[in-house]
Amino acid sequence: MRTRVVALEAQTGRRERPCSSPRRLPARFISVDTSPTPAPDTARTAMPRPEAGSPGSGPANGSGRHRTGSTGGATAAGRTNDTKNTSKAGRANDTGGRSTAGRSAGGARRATAGGKIGDTRRAAAERSLTENRETSRPGDTPDTADTTGAVDTTAPPSAGRRRRTVLLLLGLTAVTSATALVLGLLSWAPDPPEPARPLTLTEGERLAAVRVTNLRDLRAGVRVTAGTGAARIELVGWVDWSRSLLYLDVGGPGAGAERGLLQKSGPVLVIRPDPAAVPTPAAPPLMPPTDRWRLHRLAPGAHLAPVLDLLLDLAADRPDTPTRTAPSDGARWIAREAVPAGPLDVIQAPLPTGAAPAAGTAIGTPSAATPAPDRQTRYWLDQDARLHKLVTLLPGAGPVTMIFNRADRPTLRPVDALGGRPGLPRALTDAEQRRLDRLPARLRAHGGATVTLTAPVGTDTNLRGAGWLSWTARTAYLAVADLGVPDRRTLLRRDAAGLARADLRAADAGGGTAEAPVRPPLPPPAGGWRVSRPARDDLSVLVDAAIAAGSVGQRGAAVRVREDVAAGRTVDVIESGPADARLRYWLDRDGSLRRLELQTDAGAWAHLDLQPAVVPRPAANPRPAAPRPSTPRSPSPRSGAR
């Protein structure tokens with residue numbers, strides 16, 4: 001055990017003192033750091049400070065100094081002799097000596113030997129401290145001087161070399177990649193396109209099914225460009241193939257009088273002109289405006305007519321030519337294009353015979369105005385036979401490009417001039433039939449109503465009017481304006497005797513605009529009336545039907561078309577009458593008549609909006625003058641007669 005203590009003292013430079021222990025028990029030693037590096041507390045001072053309780057230290061004196069082991073041993077021996085082996089003095093001795101004299105002498109000898117070894121250790125510690133100071137850097141702290149020196153002199157150069165090597169390798173890799181990329185781009189050439197070829201059987205069947213697919217999909221968004229330069233027109237909107245309905249915004253430098261909104265249902269075309277609209281069209285509102293729509297006739301040779309007809313004719317209930325692969329047909333596969341919707345096949349083929357624009361479908365357009373389309377037509381088809389793009393050349397319209405958005409499929413609402421929503425016609429319920437049967441009595445109870453007229457009776461005649469109607473007197477008095485003649489008004493008086501008309505200037509007839517004329521003057525003008533028997537023109541039929549609104553035909557002949565809204569009230573639209581003069585009664589849930597509609601000879605719908613009110617009773621119409629009896633011509637005198 002002693003040998004081990006001496007070895008530890010030689011390594012650490014400190015002398016370990018045995019721990020205080022009870023009498024006749026072996027001494028214990030504290031654990032020490034056996035590493036060759038001096039402890040941190042020895043590097044802080046020039047002389048190592050022995051720990052309390054070590055053999056080379058004693059109790060602290062008043063000056064703060066520590067007594068050495070030899071001094072402590074001698075003092076302990078002296079105190080032992082003076083106290084004559086008192087056990088309390090022997091135990092108080094902090095050097096651990098025995099209370100007997102023999103034991104005190106042995107302890108003194110061991111303390112003297114330990115003091116010499118301690119001096120040797122101190123010298124070694126001083127030399128080690130001096131060497132550590134010489135190798136440490138000026139900025140190091142005493143606590144880390146002996147450890148950071150080795151790191152500073154060996155680790156940084158090695159890490160720096162590794163870092164420089166990695167950066168050099170990365171730079172070489174980047175340069176090599178860039179060089180390879182440049183060389184690849186310079187030497188790259190695209191693959192040659194696949195040459196055009198005749199259609200396969202599958203491709204021919206897809207081309208033949210295009211119009212059937214359009215009819216099955218019901219509708220799609222569309223954007224059309226037709227013509228070039230100053231004659232170019234642009235169309236944006238929707239096509240409903242299931243109802244043969246178009247709803248478009250017309251723009252472009254060649255739009256002309258058609259600039260604005262357009263709806264076309266079969267042969268009937270109505271527009272809502274807007275000359276101040278921007279040249280570039282935008283998608284029209286899903287809920288179309290209710291005012292300023294008029295029946296329109298496209299001018300002969302107008303390049304808009306064949307474009308509209310082609311849009312509607314791209315639907316059919318049966319496929320075209322079964323295969324479309326005959327050599328004489330000229331159908332060929334051109335290319336394949338990738339779009340967000342998927343791959344598309346570009347196919348060149350003439351338009352089918354049924355898709356050629358039928359000129360007779362446009363109001364007032366002669367059949368010769370729409371020549372056969374050009375055969376160089378290209379279709380962009382997906383794998384489900386859906387048409388996404390069509391490019392063709394139409395005589396009279398020039399190059400035409402149609403782009404279809406198959407995902408844009410809202411439900412379209414025709415305007416009132418086209419009959420409004422089609423609805424689902426059905427037989428009347430008992431409650432609806434009772435309201436219809438009580439209609440004459442209801443109207444007589446109201447007495448009369450104010451009237452607003454909107455009547456597209458022809459492609460060149462769009463009438464607007466305002467006035468009064470009396471169910472008790474069975475009379476009507478209206479001021480009617482024609483949009484084609486905005487500075488003139490026609491006063492219309494209807495009673496049981498017949499119909500009288502008078503043409504006046506707009507200022508003399510009450511003023512207002514042609515789109516919204518005011519009610520006729522009271523009392524009616526005295527002169528200028530043309531009296532005639534009831535006529536069969538659309539305006540006369542509509543006014544006569546309004547006066548006799550209680551006569552809706554035989555029971556069971558009427559059908560309910562749909563539910564709608566008029567003047568903020570929910571109404572049932574009930575249709576009745578012969579096929580050539582169909583009338584629609586808009587009855588609210590109270591049994592009051594809110595609107596009366598008539599399908600005109602042009603295929604559009606004219607209507608009278610009725611609002612119950614107290615109406616004036618104008619004077620009776622002037623009676624037509626009795627025709628003068630014809631007088632026989634006197635015979636001419638013979639020559640020479642006297």
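Since we're looking at a predicted model, the values are computed, not measured. Values below: all heavy atoms of this structure, side chains included; hydrogens, waters and symmetry mates excluded.
In this model, no donor atom of one side chain and acceptor atom of the other lie less than 3.5 Å apart for Arg494 and Ser540. Remark: the Asp408 side chain and the Trp238 side chain contain an N/O donor-acceptor pair separated by less than 3.5 Å.
Applying side-chain contact (heavy atoms from CB on, under 4.5 Å) to Val222 and the options Asn405, Ile403, Leu235, Leu248 leaves one that passes, Leu248. For the side chain to side chain donor-acceptor pair (under 3.5 Å) with Arg435, the lone residue among Asp590, Thr429, Asp572 that qualifies is Asp572.
Using a 4.5 Å heavy-atom cutoff, the side chains of Leu412 and Arg243 are in contact. For the pair Arg488/Asp482, no side-chain contact is recorded, criterion being any heavy-atom separation below 4.5 Å from C-beta on. Taking 4.5 Å as the limit, some side-chain heavy atom of Pro273 sits within range of a side-chain heavy atom of Arg294. Using a 4.5 Å heavy-atom cutoff, the side chains of Tyr477 and Pro521 are in contact. Put simply, the side chain of Leu261 does not reach to within 4.5 Å of the side chain of Val415, judged on heavy atoms. With a 4.5 Å cut-off on side-chain heavy atoms, Asp416 and Arg595 count as touching. No side-chain heavy atom of Lys389 sits under 4.5 Å from any side-chain heavy atom of Met402. Looking only at side-chain heavy atoms (C-beta outward), Pro279 and Arg259 come within less than 4.5 Å of each other.
Salt-bridge check for Arg211 with Asp320: passed, with a basic side-chain N closer than 4.0 Å to an acidic carboxylate O. For the pair Arg589 and Glu563, the salt-bridge criterion is met [side-chain N within less than 4.0 Å of a carboxylate O]. Arg582 and Glu575 are joined by a salt bridge, as a carboxylate oxygen and a charged side-chain nitrogen come within less than 4.0 angstrom of each other.
Here the side chain of His303 pairs no donor or acceptor atom with the backbone of Ala226 at under 3.5 angstrom. Using a distance-only test at 3.5 Å, with no hydrogens or angles considered, a donor-acceptor pair links the side chain of Arg489 to the main chain of Gly512.
In the displayed structure, Arg223 atom CZ is contacted under 6.0 Å by at most 12 heavy atoms of other residues, nucleotides or ligands. Taking a 6.0 Å sphere around CZ of Arg474, one finds it holds 12 or fewer heavy atoms contributed by other residues, nucleotides or ligands.
Pro456 approaches Trp605 most closely through the heavy-atom pair CD-O, 3.6 Å.
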